[in-house]
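Worksheet: one structure, shown below.
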Amino acid sequence: MEVKVEIVKESTAVQSFGSFKKEDFWKQQWDDKLQKYMTEKPKLGLLIHNWILRGVMQNVESICEVAAGSCVSSLYLSMFYDVIATDMYEYGFGAAKKRASSRNFRLKFQKENAFGFSFPQDKFDLVFHNGFFICFNSNKDINKLIAEQVRISKKYLLVVVHNKNDIINQYRFYRKAHQGDGLYRIRWYSKEEIIRLLQPYGSIQKVAYLSYPVIDLFRNSGKIPASIRSSDFYKNIWLLSIWRQITFGDRLVVLLKV
């Protein structure tokens, strides 16, 4: 597909992310955090599976995750679809491979450079990644990455970035980065910015949020008695869609039909 690419003006506040390009950096991060990530709920995997079942994405059988890292979402999705997890640095694959071999996961693993995949054009029904674009401060790089992911997808590209309007997580990330953890020095995106970057490559099908920190904060607040938090009434309050209309989500999920 031939597209006319619009170069979106870059923010001068964006920092350099040289550390993200180093294999040793990721090895250290996985040494510190991999076990924690492996025990987390596969939020994005659950969302993708739900969207496929509901028909938001249609006839999806083959899936590729880019920059898969711990592969939590890929592992979950591999129970239902043909999934391949890719990453330039394979260190995070170790725990995922052990988990895949011990349960009903059919996940394949492959080392790939996202700027030039070895896959042929239109290889997968869905290509997705979670947070990959937050590692790049150059829109030229982002456009190259989008174009390459569109090339290997014959139907859908799903992009997840950290939401610039999510003040709670921005504060948490700032504190972590200030304490010296380079993983939290990232690029934040507004909904308008990520849409402008993606629009030249296809049709925006859906924009959503992965989760809602404000809702999670109050739902799990230790200041609210456990007897109240465990009640059906309290739980049902947070299921009301009104909260999702007046609060910001932590990560923007954008579905593109290529």
Side-chain angles (χ1 to χ4, degrees), residues 1-23 25-26 29 44 48 63-69 73-74 85-89 111-119 121-124 126-166 169-170 173 177 182-210 248-258:
M1 179 177 66
E2 185 177 349
V3 295
K4 183 178 180 181
V5 177
E6 174 191 1
I7 304 298
V8 181
K9 186 176 180 182
E10 299 174 28
S11 169
T12 56
V14 172
Q15 303 201 33
S16 173
F17 304 127
S19 295
F20 289 155
K21 301 176 183 177
K22 299 175 182 177
E23 187 169 5
F25 171 84
W26 289 110
Q29 290 295 328
L44 184 55
I48 289 172
I63 299 175
C64 174
E65 181 175 8
V66 179
S73 289
S74 287
T86 70
D87 204 306
M88 189 171 181
Y89 306 122
K111 182 176 182 178
E112 289 284 341
N113 185 334
F115 285 97
F117 291 108
S118 64
F119 305 118
Q121 185 172 337
D122 299 337
K123 171 69 175 176
F124 303 99
L126 168 66
V127 176
F128 80 95
H129 52 84
N130 188 354
F132 185 38
F133 286 173
I134 67 174
C135 300
F136 299 91
N137 61 354
S138 167
N139 285 333
K140 292 181 180 179
D141 284 342
I142 295 296
N143 278 302
K144 291 177 183 177
L145 292 166
I146 296 172
E148 184 62 4
Q149 290 172 38
V150 167
R151 182 186 69 80
I152 64 172
S153 174
K154 58 186 173 183
K155 293 183 181 178
Y156 301 103
L157 171 62
L158 189 143
V159 173
V160 181
V161 292
H162 288 63
N163 182 16
K164 187 181 288 185
N165 290 319
D166 173 19
N169 263 343
Q170 281 204 51
F173 274 50
L183 186 66
Y184 293 90
R185 191 183 304 117
I186 66 169
R187 176 176 178 175
W188 300 81
Y189 291 80
S190 68
K191 181 170 71 173
E192 294 75 19
E193 183 179 17
I194 191 62
I195 287 176
R196 285 200 306 271
L197 283 162
L198 289 168
Q199 272 183 331
Y201 298 91
S203 172
I204 303 293
Q205 300 294 293
K206 192 172 180 65
V207 181
Y209 298 107
L210 196 55
F248 292 114
D250 65 341
R251 301 192 189 195
L252 287 157
V253 182
V254 184
L255 178 64
L256 184 78
K257 188 172 183 180
V258 302

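For the numbers below, each heavy atom of this structure counts, side chains included, while hydrogens, waters and symmetry mates do not.
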Task: Rounded distance (nearest 0.5 Å) linking atom NZ of Lys191 with atom CG of Asn165 - done: 9.0 Å

TODO: Would you confirm whether Glu112, through its side chain, and Ser118, through its main-chain N or O, come within 3.5 Å as a donor-acceptor pair?
DONE: yes

Task: Stepwise side-chain contact (heavy atoms from CB on, under 4.5 Å) check, Val161 with Arg187 - done: CA-CA 9 Å; Val161 292; Arg187 176 176 178 175; over 6 Å; no

Task: SB check Arg151 Glu148 (cutoff 4.0 Å) - done: yes

Open item on the list: Are Phe119 and Phe124, when compared by the centres of their aromatic rings, separated by less than 6.0 Å?
Closed with: yes

Open item on the list: If I compare all heavy atoms of Val258 with all of Ser153, which pair ends up nearest, and what's the gap?
Closed with: CG2-O, 3.5 Å

Task: Working for side-chain contact (heavy atoms from CB on, under 4.5 Å), residues Leu157 and Leu198 - done: CA-CA 9 Å; Leu157 171 62; Leu198 289 168; 4.3 Å; yes

Task: Asn130 side chain near Leu210 side chain, heavy-atom distance below 4.5 Å - done: yes

Task: Between CZ on residue Phe136 and CG on residue Asp141, distance to nearest 0.5 Å - done: 6.5 Å

- [ ] May I ask you to test the Ile142-Tyr189 pair for a side-chain heavy-atom distance under 4.5 Å?
- [x] yes

Open item on the list: Using 0.5 Å steps for rounding, measure from the CG atom of Leu145 to the CZ atom of Phe117.
Closed with: 8.0 Å

Open item on the list: If only side-chain N and O atoms count, and only distance matters, is there a donor-acceptor pair under 3.5 Å linking Glu65 with Ser74?
Closed with: yes

TODO: Please name the pair of heavy atoms, one in Cys64 and one in Thr86, separated by the smallest distance, quoted to 0.1 Å.
DONE: SG-CG2, 3.8 Å

Open item on the list: Tell me whether Lys154 at atom NZ has more than 12 heavy atoms from other residues, nucleotides or ligands lying less than 6.0 Å away.
Closed with: yes

Task: Pairwise distance CG(Asn143) to NZ(Lys140) - rounded to 0.5 angstrom - done: 10.5 Å

Task: CG-CG distance between Leu252 and Asn163, expressed to the nearest 0.5 angstrom - done: 4.0 Å

TODO: Evaluate the side-chain proximity of His129 to Val159: yes if any heavy-atom separation is below 4.5 Å, no if none is.
DONE: yes

TODO: Check the pair Tyr209 / Asp166 against side-chain contact (heavy atoms from CB on, under 4.5 Å), numbers first and verdict last.
DONE: CA-CA 11 Å; Tyr209 298 107; Asp166 173 19; over 6 Å; no

Open item on the list: Using every non-hydrogen atom in the two residues, find where Glu193 and Trp188 come nearest and quote the distance to one decimal.
Closed with: OE1-O, 3.9 Å

Task: Gap between atom NZ of Lys155 and atom CD1 of Ile63 - 0.5 Å precision - done: 11.0 Å

Open item on the list: Checking Gln205 against Leu256 for the side-chain contact (heavy atoms from CB on, under 4.5 Å) test, could you report, in this order, the C-alpha distance in whole Å, the side-chain angles of both residues, the deciding distance, and whether it holds?
Closed with: CA-CA 6 Å; Gln205 300 294 293; Leu256 184 78; over 6 Å; no

